There are 2 protein chains.
Amino acid sequence: MSNVMPLLAAFERAGHRITSPRLAVANLIAARDGHFAAADLVADARRDRLAIGRATIFRALELLIELGAVERLDLPTGEHAYVSCEPAHHHHVVCSSCGRTSEIDDAGLRAFVDEVARRTGYALESHRLELFGRCPACRSNGAA
Amino acid sequence: MSNVMPLLAAFERAGHRITSPRLAVANLIAARDGHFAAADLVADARRDRLAIGRATIFRALELLIELGAVERLDLPTGEHAYVSCEPAHHHHVVCSSCGRTSEIDDAGLRAFVDEVARRTGYALESHRLELFGRCPACRSNGAA
DNA sequence: TCGCTTGATGATACTGAGTCTCAACACGCG
DNA sequence: CGCGTGTTGAGACTCAGTATCATCAAGCGA
């Protein structure tokens with residue numbers, strides 16, 4: 001459960017209208033804990049009897065990704081998932097029990113990337129890093 | 001262009017038969033430079049007039065992934081791709097021009113992961129890291 | 001207020017990756 | 001030979017994501 005505001009702000013900042021379908025999608029995303037699939041949003045919309053087309057949900061999602069307010073991640077299983085997040089470069093730590101994510105900033109990664117560049121001779125442009133494990137809450141719960 | 005042997009060895013080690021379709025798939029993979037999509041293999045097989053079913057290619061690929069002789073990676077675009085590689089924990093540096101990959105071992109990542117675990121309190125189980133950039137060859141070529 | 005332009009929407013068809021099903025086949029073994 | 005298990009290929013299917021297109025709503029100038 002996060003806040004809708006950053007999502008709406010992202011729309012506005014980029015000069016897109018905040019229409020009622022977009023607001024609805026933003027609400028659905030904000031109401032979600034942890035990562036979710038596009039299909040989840042579609043299901044949520046249907047559950048709530050929202051008259052939002054599938055295409056619209058995908059479009060809103062795509063827009064938010066482009067604006068950096070939502071990020072796409074790849075679970076260890078190879079599935080794609082989405083998370084709403086701050087629009088700054090960072091990485092995610094994903095709880096393999098509850099699916100919640102935490103964001104982490106550099107934490108020394110920069111040095112690691114430089115080291116790899118030095119060793120391989122590549123001019124590194126971007127990277128993708130995702131960490132998976134059990135979050136503190138799930139650990140203390142001992143829950144699945 | 002890599003070697004077929006490790007792929008065949010992976011099949012044998014796990015007690016799977018090296019049948020002619022599997023051999024063919026291994027050859028197609030070995031003949032590939034850099035990463036490839038499953039569809040590429042299907043196309044290659046067709047081009048070479050090989051009588052191999054689509055399903056068989058996917059099955060062989062799945063098996064090789066399970067055995068660690070092939071890894072699935074996620075390109076920055078969100079597409080899935082495969083690369084053949086050593087069956088040990090490591091990460092890939094992918095050339096964004098030519099698609100070739102290099103493998104890197106720890107290179108200090110371990111310390112980084114520990115640091116993240118310390119900061120977030122997560123019990124980290126696995127991670128996924130991919131780096132993208134231009135390889136030395138492409139850099140000196142100035143080629144696209 | 002009318003009417004135009006532009007962005008947004010929703011239904012639907014489509015694509016493409018990957019999976020599932022199932023009947024047929026091939027090997028190893030008694 | 002005849003059985004059992006592992007493998008195969010064709011094709012149907014699923015599911016995420018995209019493309020098409022006619023409709024609709026908001027903003028704006030005349």
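Bear in mind the structure is a predicted one, so any value in this text is a computation, not a measurement. Naming convention: chains lettered A, B, ... in sequence-line order (proteins, then strands); numbering from 1 in each chain.
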Answer with yes or no whether B/Arg54 presents, from its side chain, a donor or acceptor under 3.5 Å of a partner atom in the base of D/dG11.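 In this structure, the two groups form no donor-acceptor pair.
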So does A/Arg59 reach the base of C/dG10 with its side chain, donor to acceptor, closer than 3.5 Å?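 Under the 3.5 Å cut-off, the side chain and the base do form a donor-acceptor pair.
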Within the 4.0 Å heavy-atom criterion, would you say B/Ala51 contacts the bases, only the backbone, or no part of the nucleic acid?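 B/Ala51: backbone/sugar contact only, no base atoms under 4.0 Å.
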Once you apply a heavy-atom cut-off of 4.0 Å, does B/Ala39 come out as touching a base, just sugar-phosphate, or nothing?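 Sugar-phosphate: the residue B/Ala39, judged by heavy atoms under 4.0 Å, touches backbone atoms but no base.
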So, is [X] near the phosphate of [N], with a side-chain N or O under 4.0 Å from OP1 or OP2?
X       : N      : result
A/Tyr82 : D/dA16 : no
B/His16 : D/dT7  : yes
B/Thr56 : D/dG9  : yes
B/Thr19 : D/dT7  : no
A/His80 : D/dG17 : yes

State, with a plain yes or no, whether a side-chain heavy atom of A/Phe132 is found less than 4.5 Å away from one of A/Leu75.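 Of all side-chain heavy-atom pairs linking A/Leu75 with A/Phe132, at least one is under 4.5 Å.
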Got a salt bridge between B/Asp74 and A/Arg72, using NZ or NE/NH1/NH2 to carboxylate O under 4.0 Å?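 So B/Asp74 does not pair with A/Arg72 through a salt bridge.
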I want to verify a distance call: between [options], whose nearest atom is closest to the [X] side chain?
X       : options                : result
A/Arg17 : D/dG17, D/dA25, C/dA17 : D/dA25
B/Phe58 : C/dG18, C/dG10, D/dT8  : C/dG18
A/Arg72 : C/dG18, D/dA16, D/dG17 : D/dG17
A/Ala55 : C/dT12, D/dG11, D/dT7  : C/dT12
A/Ala38 : D/dG17, C/dT12, D/dT8  : D/dG17

If you draw the axis of the six-membered ring of A/Phe11, does the NZ or CZ of A/Arg22 fall within 45° of it and under 6.0 Å from the ring centre?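 Ring-cation test returns yes.
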Spacing between [X] atom [atom1] and [N] atom [atom2], to the nearest angstrom:
X       : N      : atom1 : atom2 : answer
A/Ile65 : D/dG17 : CD1   : P     : 8 Å
A/Asp74 : D/dA16 : CG    : P     : 15 Å
A/Glu79 : D/dC15 : CD    : P     : 12 Å
A/Leu23 : C/dT9  : CG    : P     : 11 Å
B/Glu12 : D/dT7  : CD    : P     : 13 Å
B/Ile57 : C/dA17 : CD1   : C1'   : 13 Å
B/Ile18 : D/dT8  : CD1   : P     : 11 Å
A/Phe11 : C/dT9  : CZ    : C1'   : 13 Å

Shortest non-hydrogen contact between A/Ile52 and A/Pro21, atoms and distance: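 That closest heavy-atom pairing would be CD1-O, 4.1 Å.
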B/His35-B/His80 aromatic ring centre distance below 6.0 Å: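 Ring centres of B/His80 and B/His35 not closer than 6.0 Å.
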Between A/His91 and A/His127, is the ring centre distance below 6.0 Å?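 Yes, close enough.
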Earlier contact from the 5' end, DNA chain C, for A/Arg22 and B/Glu62: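 By nearest-heavy-atom nucleotide position, the 5'-most residue is A/Arg22.
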